[in-house]
There are 2 protein chains.
Amino acid sequence: MSEHDPGHTSFTDQLLAIWPRKRWEGSIVLVAYSGGPDSTALISSLAELQPNRQRLVAAHFNHGLRDSASAGDQAFAKQVCRDLKIQCIVGNADQAEFKRERRGEGWESAARQLRYQFLVEKAEQSGARYIVTGHTRDDQVETVLHNIIRGTGLAGLAGIPRVRCLNEAVSLVRPLLNHSRQQVLDYLQESDLPHRLDETNLEERFTRNRIRHKLLPWLESEFNSDVRAALVRLSQIAAESQASLREIAEGVLDRAIRQGDKNKVILELEPLRELSIHLRRECFVLVWQRQGWPLQSMHFHHWQQLAESTEPLSNTTLAPFPGDIQVAQTDTELQIQGPPHVN
Amino acid sequence: MSEHDPGHTSFTDQLLAIWPRKRWEGSIVLVAYSGGPDSTALISSLAELQPNRQRLVAAHFNHGLRDSASAGDQAFAKQVCRDLKIQCIVGNADQAEFKRERRGEGWESAARQLRYQFLVEKAEQSGARYIVTGHTRDDQVETVLHNIIRGTGLAGLAGIPRVRCLNEAVSLVRPLLNHSRQQVLDYLQESDLPHRLDETNLEERFTRNRIRHKLLPWLESEFNSDVRAALVRLSQIAAESQASLREIAEGVLDRAIRQGDKNKVILELEPLRELSIHLRRECFVLVWQRQGWPLQSMHFHHWQQLAESTEPLSNTTLAPFPGDIQVAQTDTELQIQGPPHVN
């Protein structure tokens with residue numbers, strides 16, 4: 001095993017192309033490390049690239065969902081980190097609280113939420129500027145296809161973002177998002193690196209795994225052998241389109257917005273009226289995001305109603321929106337009053 | 001059979017909701033009539049709604065692909081039109097020319113092109129303002145899914161447009177695009193209307209039919225029973241997003257463009273520089289469309305190169321673009337010289 005194997009070179013080069021060294025070499029990087037192939041390849045390649053082991057920290061979250069297998073993953077993760085001379089922080093899900101969610105549809109999303117809470121907390125404690133995860137191009141393809149099937153807009157079509165700000169101190173980065181799963185496996189083999197197979201991945205009962213093991217191979221063999229590349233391209237176009245639309249909405253909103261206080265927004269309607277209804281809806285989504293108002297309970301017809309309320313009309317008060325947000329309209333302005341403060 | 005059956009009322013009401021009577025009742029409408037269920041329901045419901053039979057013309061295109069079955073379709077279409085007291089124009093594909101294309105990948109698209117040529121020609125001869133086709137919501141769903149699998153951008157994701165201008169005199173309209181295929185079949189049954197089954201629809205060898213008969217039912221049963229609605233929504237969002245982006249690009253282009261003569265465009269770069277790279281690419285697509293320059297041979301990297309050439313640089317002449325289009329750049333302008341005229 002040498003750092004100059006062609007396999008290594010291309011794997012780490014591709015990583016550096018998506019995430020240049022100057023961005024991270026002075027910072028502490030926290031690696032979300034499960035022990036599976038993707039995150040094993042990630043932590044090992046980062047260890048190759050970063051001579052200063054103090055600047056790499058691994059964080060392993062034990063969901064405790066698979067009893068002894070979960071304990072095995074944890075022991076394995078700690079051993080790999082010892083070998084790489086990287087500190088490994090372990091977190092455990094509160095089983096009592098977690099199992100309540102576990103039976104319903106929401107358990108996978110509950111698991112994700114707990115894991116990210118843990119990662120952000122440990123990143124902050126370690127002074128890490130970045131949290132990195134081992135998501136690959138195949139995860140991207142599966143996510144995009146999953147979102148298309150269950151129903152999505154442009155944002156869902158854009159799939160997994162390469163970079164996301166979690167808060168002002170910590171960003172989430174996916175340095176392997178251009179690598180295929182096969183490249184990961186080749187790298188592990190060339191480096192003679194062991195990894196744990198995540199057993200839930202083989203179970204067909206989860207939608208995600210049926211997409212991976214049945215739908216995608218079937219689309220490849222029956223319809224288009226290049227379907228993965230097609231989905232990656234589509235997600236890039238969607239991300240770019242969404243970003244362009246967002247940028248335009250932000251520009252117009254900056255001209256339109258007059259903020260009374262933290263819980264009230266006054267919008268001048270003139271600038272909004274230059275926009276298509278579609279972009280006006282986008283502006284209101286932005287207002288809600290900026291104000292931190294509840295988005296979950298807002299449906300399409302709510303955004304549509306707000307967009308339509310920018311048209312000239314006599315003074316009107318609309319029915320309250322989810323979260324008790326009040327909107328009143330004059331000829332030239334929209335006054336949006338946030339939810340009453342609960343003390 | 002009565003015009004006041006509830007099935008009829010809802011079928012024709014839904015048609016009128018998507019295509020209001022005042023738009024077409026004074027005009028001649030040419031119905032693309034294959035004899036299949038969708039176009040039979042379309043021609044019959046339009047005949048119900050239009051008391052003036054002079055204003056409805058049917059056009060049947062015989063591809064001659066299925067020998068006696070094709071002849072049967074043609075005889076059937078003429079009979080239905082006789083019963084409805086609607087003139088029926090029949091066109092035949094030039095088999096010699098057509099069969100050359102028939103073996104390759106391109107034959108389905110060649111068939112479509114011949115059919116549309118025939119329809120436009122007959123619309124112009126009949127003085128028709130509209131050509132209408134029987135495409136349904138199910139066609140829309142299949143098209144969107146097909147485009148996703150074979151690779152598409154936002155435009156392909158938008159799917160079949162409800163209205164398209166073919167030239168300044170004739171528009172193509174799909175009045176059944178909100179109807180499901182099941183609604184069509186129910187309407188035919190309630191009206192006791194016969195129709196011909198298009199036998200090519202049952203053959204699994206065409207991608208489109210595999211999507212209809214295998215992929216969509218499988219997605220519905222294994223992943224999301226509501227997947228059709230999800231795809232329709234996605235196509236609407238994509239169409240709106242594309243239209244919003246297009247509108248913005250058009251606005252900026254109108255400020256940027258200075259046209260020397262018919263074959264030369266001078267673009268001021270200042271207005272373009274306000275835009276994201278993505279929207280700058282969109283602007284150049286628009287320039288090419290407006291000028292009628294060849295789009296087929298332009299690939300992503302060409303548009304990207306044009307978008308990047310809007311950045312400040314010293315006077316440069318880029319390598320010629322497909323179709324021998326020359327682009328020269330100054331600090332403030334881009335001069336685009338169309339293809340040399342062939343006399």
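Keep in mind that the numbers below use all heavy atoms, side chains included, and drop hydrogens, waters and symmetry copies. The structure displayed is predicted, hence computed values, not measured ones. Letters A, B, ... are given to chains in the order of the sequence lines, protein chains preceding strands, and every chain is numbered from 1.
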Next on the checklist: Please determine whether the number of non-hydrogen atoms from other residues, nucleotides or ligands lying under 6.0 Å from atom CD of B/E270 exceeds 12.
Outcome noted: no
Next on the checklist: Under 4.5 Å from any heavy atom of chain B, what part of A/R280 do you find: side chain, backbone, both or neither?
Outcome noted: neither
Checklist outcome for this item: When the 4.5 angstrom heavy-atom criterion is applied to A/L215 and chain B, the contacting part is both
Item to check | Atom pair CG (A/D226) and CD1 (B/I149), whose distance is rounded to the nearest 0.5 Å | outcome: 13.5 Å
Item to check | Proximity breakdown for B/Q242 and chain A, heavy-atom pairs closer than 4.5 Å | outcome: neither
Checklist outcome for this item: Of the listed A/E274, A/E222, A/E247, the one with the largest count of heavy-atom pairs under 4.5 Å with chain B is A/E222
Next on the checklist: For a quick check under 3.5 Å, do B/S276 and A/S244 share a side-chain donor-acceptor pair by atom type?
Outcome noted: yes
Checklist outcome for this item: Here the gap from A/I148 atom CD1 to B/L145 atom CG, rounded to the nearest 0.5 Å, amounts to 8.5 Å
Checklist outcome for this item: Rounded to the nearest 0.5 angstrom, the CG-CG distance for A/L154 and B/L234 is 7.5 Å
Checklist outcome for this item: Ranked by heavy-atom pairs below 4.5 Å to chain A, first place among B/V144, B/L231, B/V227 goes to B/V227
Checklist entry - Just wondering, do A/T152 and B/I237 contact through their side chains at under 4.5 Å, heavy atoms? => result no
Next on the checklist: I need the B/F223 CZ to A/R150 CZ distance, nearest 0.5 Å.
Outcome noted: 12.0 Å
Next on the checklist: Counting only heavy atoms not in B/R23 (residues, nucleotides, ligands), do more than 12 fall under 6.0 Å from its CZ?
Outcome noted: no
Next on the checklist: Nearest 0.5 angstrom please: A/L279 CG to B/L245 CG, how far?
Outcome noted: 7.5 Å
Next on the checklist: At a 4.5 Å cut-off on heavy atoms, which part of B/E240 comes close to chain A: side chain, backbone, both, or neither?
Outcome noted: both
Next on the checklist: Tell me whether B/Q296 at atom CD has more than 12 heavy atoms from other residues, nucleotides or ligands lying less than 6.0 Å away.
Outcome noted: no
Checklist entry - CD1/B/I248 to CG/A/L275 distance, rounded to the nearest 0.5 angstrom? => result 7.0 Å
